[in-house]
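Written below as structure tokens is the structure these notes are about.
Since this is a predicted model, take the numbers as computed values, not measurements.
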Amino acid sequence: MARWAAVALVGQAVYASAADSEAALRGTSECTWHWGNCLSSRCCSGHDWECYKKNDWYAQCRPKYDCAIGVHPEDKWGGHWSCERWSAPAPTPAPTPAPTPAPTPAPTPEPTPAPTPAPTPAPKPKTTTSATTAPPPTPAPTPEPTPEPAPAPEPEPETTKTTTTSTEDDGSYSLDWKAQGEDFFKDFEFLWRDGNHGAAHFVGSLEEAKEHDVVEAKKDRAIMRTGKKSTYDFKRMTSKISTSKSWKHFLAVVKFNHVPWGCGVWPAFFTLGEGAEWPAGGEMDILEYANDGGSMTSFHTSKECKLDASEVNKYKPLFDQNAAYNGEQYNCLTKYCDTCTSLGCAPNTLPLLTGEQWANRPGSFAMQRTKEFTKIFFIPAGQEPSDLLSDKPEPEEWTRWLIAYYPFAASKGCPNPDEIMAPQKFIFQIAFCGDWASKIWGSTGSCKWVGPEYNETATKEKLTISGAHPHQCRAVDPLAEYAPAEDCCTTFIRDENDRYNTQSYLDQRAYFDISHFKVFT
């Protein structure tokens, strides 16, 4: 999974430098330039930009359809966005004055006959110039909500080389592999490394997972849950699992009854390319979010690959959640560093749903990978088509459930489309805090009110929380400093003295409940 090394710096640059450069770029336009404060102007320069309110004191020019109601992690000031479209009101026409009645003329005396005058030549008509009225400006299309970018994957553990399958697409699918029932976990590897510097103590085997009660397989479902406090400081038991097998071209379907959510929780369901250093083999995030943020799909690669906008949107509008960071739409190239702004592509339907919303919306996520494209679907429980229920899926009929589309072969900016993704393994994880959930703690809508008292000043100025304030905390970026004892997220998840009732909080929220996982080729 992708790390957030560049996100904070990039987000601040977008919100700060855009407004600074507005005056130079706007020219004579009366509307605000991209990413500037449009509270007063109530309009934005550019066809694809629109003004959205955060609150009564701030509004911002953003790409059309790119504003999600709630907290925006990249907004360094924090707070809730209403995302009300803030356009200039139409002018009120002036009332038409009532006509003044004409006075009654006095009676005209009888005229005295006069001699007939000589005819006068008719005057030349006056030439009148009619003013041309400019047509009203076309409203700009609205962009997508700012993304909460994805964190970087940990290196592959030392495991036995798996056999990969690669089938040519012939328009039909048959069941190749499944995980279901009491043997659900038998073909999964347990990954113990935490590449995200968080509070997760991942178990290293199925036996250890059972010992710590973080997995359970029943006849009709499998459970992955968070466990108790680890014997290691600042850690809590949990699991991260990967399929032993990988696939090149496939249709994978996972039926979820519940997904993890909650403050401090960083769940993910994603794929990772086998046999290549990240992100050369490709990574497809299918479901990923942290704290109370929204989930989005995204794709990461080290290869040049820019998707064609018209192809991406040919089925339905799909908005790139990383466009604001990348400075352009649908660029899948991914580089994370302090000065990099290449976070991968993330075409998604809107609105983005939070983990809590997904947890209350059971259904099946499906990923179709062919030589030409990748599609992501979500089929709500009870709406499964008969072809899927009979294990003879026909995804070409599933467009109504499409939530993301990556048209690699149809995009001129994406050469070698079949090589953009190596054979993929599937990974489920429940992580805690770390590079993402920890450092955005103070900007979330609800989490800063959970656990210890959040000190915003200490967070912004990186002040040490002294012993005189044992119940205060700050949001810590673990890539910048090691201070887990002061980190709000880690303090809440660890809950050393059971002050915050974290165990019960996680037991109720932070678990996967999966009916089955099937892969068709």
If only atom types and distance count, is the side chain of [X] paired as donor or acceptor with the main-chain N or O of [Y] below 3.5 Å?
X	Y	value
T301	L333	no
K53	Y58	no
N37	L39	yes
Q357	T354	yes
D495	T502	yes
N291	G264	yes
R361	P380	no
Q424	A422	yes
D285	E288	no
N196	D435	no

Centre-to-centre under 6.0 Å for [X] and [Y], is that the case here?
X	Y	value
F365	F377	no
F378	W358	yes
W33	W49	no
F299	F408	yes

Item checked: Electrostatic pair E84-R42, nearest N-O below 4.0 angstrom ->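 Result for this pair is no, no salt bridge flagged.
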
Check: Any salt bridge between E384 and K255, counting N to O under 4.0 Å?
Finding: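 K255 and E384: salt-bridged.
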
Will you find, in the side chains of [X] and [Y], an N or O donor that is under 3.5 Å from an N or O acceptor?
X	Y	answer
D292	S446	yes
H258	N360	no
Y406	T297	yes
S298	H300	yes
N313	Y330	yes
W398	D387	yes
Q60	W35	no
N55	S82	no
E461	T457	no

Could you report the tightest heavy-atom contact between [X] and [Y], atom names first, then the distance?
X	Y	result
K316	L402	NZ-O, 3.1 Å
G344	N326	O-ND2, 3.0 Å
A199	T490	CB-CG2, 4.4 Å
A510	V265	CB-CG2, 4.1 Å
T491	E486	OG1-C, 4.4 Å
K371	D418	CA-OD1, 3.4 Å

Going by heavy atoms in the side chains, are [X] and [Y] under 4.5 Å from each other?
X	Y	result
Y500	P452	yes
S342	T334	no
P407	T374	no
F202	T238	yes
M284	M421	yes
L506	R236	yes
C489	F432	no
W441	C263	yes

Margin query: Counting only heavy atoms from other residues, nucleotides and ligands, does the tally under 6.0 Å from NZ of K462 exceed 12?
Written below: no

Note to self: Please determine whether the number of non-hydrogen atoms from other residues, nucleotides or ligands lying under 6.0 Å from atom CD of E304 exceeds 12.
What the structure shows: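 Open: at most 12 neighbouring heavy atoms sit under 6.0 Å from CD of E304.
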
Next item on the list: Spell out, with a plain yes or no, whether C83 and C67 have SG atoms under 2.5 Å apart.
Entry: yes

Notebook entry, point to check: C61-C51 sulfur separation below 2.5 Å?
Noted result: no

Margin query: Checking C43 against C38 for the disulfide (SG to SG under 2.5 Å) test, could you report, in this order, the C-alpha distance in whole Å, the side-chain angles of both residues, the deciding distance, and whether it holds?
Written below: CA-CA 6 Å; C43 67; C38 53; over 6 Å; no

Note to self: Run the side chain to side chain contact (heavy atoms under 4.5 Å, CB included) test on I514 and N257 for me, step by step, so that the C-alpha distance in whole Å, both residues' side-chain angles and the decisive distance to 0.1 Å come before the verdict.
What the structure shows: CA-CA 6 Å; I514 306 170; N257 304 304; 6.0 Å; no

Could you tell me the separation between the [atom1] atom of [X] and the [atom2] atom of [Y], rounded to the nearest 0.5 Å?
X	Y	atom1	atom2	result
H197	K439	NE2	NZ	11.0 Å
D477	I440	CG	CD1	11.5 Å
T444	H80	OG1	NE2	13.0 Å
F492	R499	CZ	CZ	13.5 Å

Notebook entry, point to check: Taking the six-membered ring of W81, is the NZ or CZ of R62 close enough (under 6.0 Å from the centre) and on axis enough (within 45°)?
Noted result: yes

Item checked: Cation-pi geometry met for R509 and Y505 (6.0 Å, 45°) ->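 Relative to the ring axis of Y505, which defines the angle, R509 lies inside both limits.
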
Next item on the list: Please step through side chain to side chain contact (heavy atoms under 4.5 Å, CB included) for the pair T271 and F426, ending with a clear verdict.
Entry: CA-CA 4 Å; T271 74; F426 288 85; 3.4 Å; yes

Next item on the list: Apply side chain to side chain contact (heavy atoms under 4.5 Å, CB included) to D487 and R474, showing your working.
Entry: CA-CA 5 Å; D487 179 49; R474 60 188 176 98; over 6 Å; no

Item checked: Sole candidate of C414, C345, C305 that passes disulfide (SG to SG under 2.5 Å) when paired with C332 -> C345

Next item on the list: Classify the angle between the aromatic ring planes of F517 and F269 as parallel (below 30°), tilted (30 to 60°) or perpendicular (above 60°).
Entry: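 Perpendicular, since the angle between the ring planes exceeds 60°.
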
Item checked: Audit row: S411, D308, side chain to side chain donor-acceptor pair (under 3.5 Å) steps and yes/no -> CA-CA 5 Å; S411 302; D308 182 88; 5.8 Å; no

Notebook entry, point to check: Looking at V259, L353, L352, which one forms a side chain to side chain contact (heavy atoms under 4.5 Å, CB included) with Y289?
Noted result: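 Answer to the side chain to side chain contact (heavy atoms under 4.5 Å, CB included) test with Y289 among V259, L353, L352: V259.
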
Next item on the list: Would you sort out whether Q383 and R400 count as a side chain to side chain contact (heavy atoms under 4.5 Å, CB included), showing the intermediate values?
Entry: CA-CA 11 Å; Q383 296 185 24; R400 60 181 288 200; 3.5 Å; yes

Check: Run the salt bridge (Lys or Arg N to Asp or Glu O under 4.0 Å) check on E456 and K448 step by step: do they pass?
Finding: CA-CA 9 Å; E456 186 169 4; K448 64 182 178 182; 5.3 Å; no

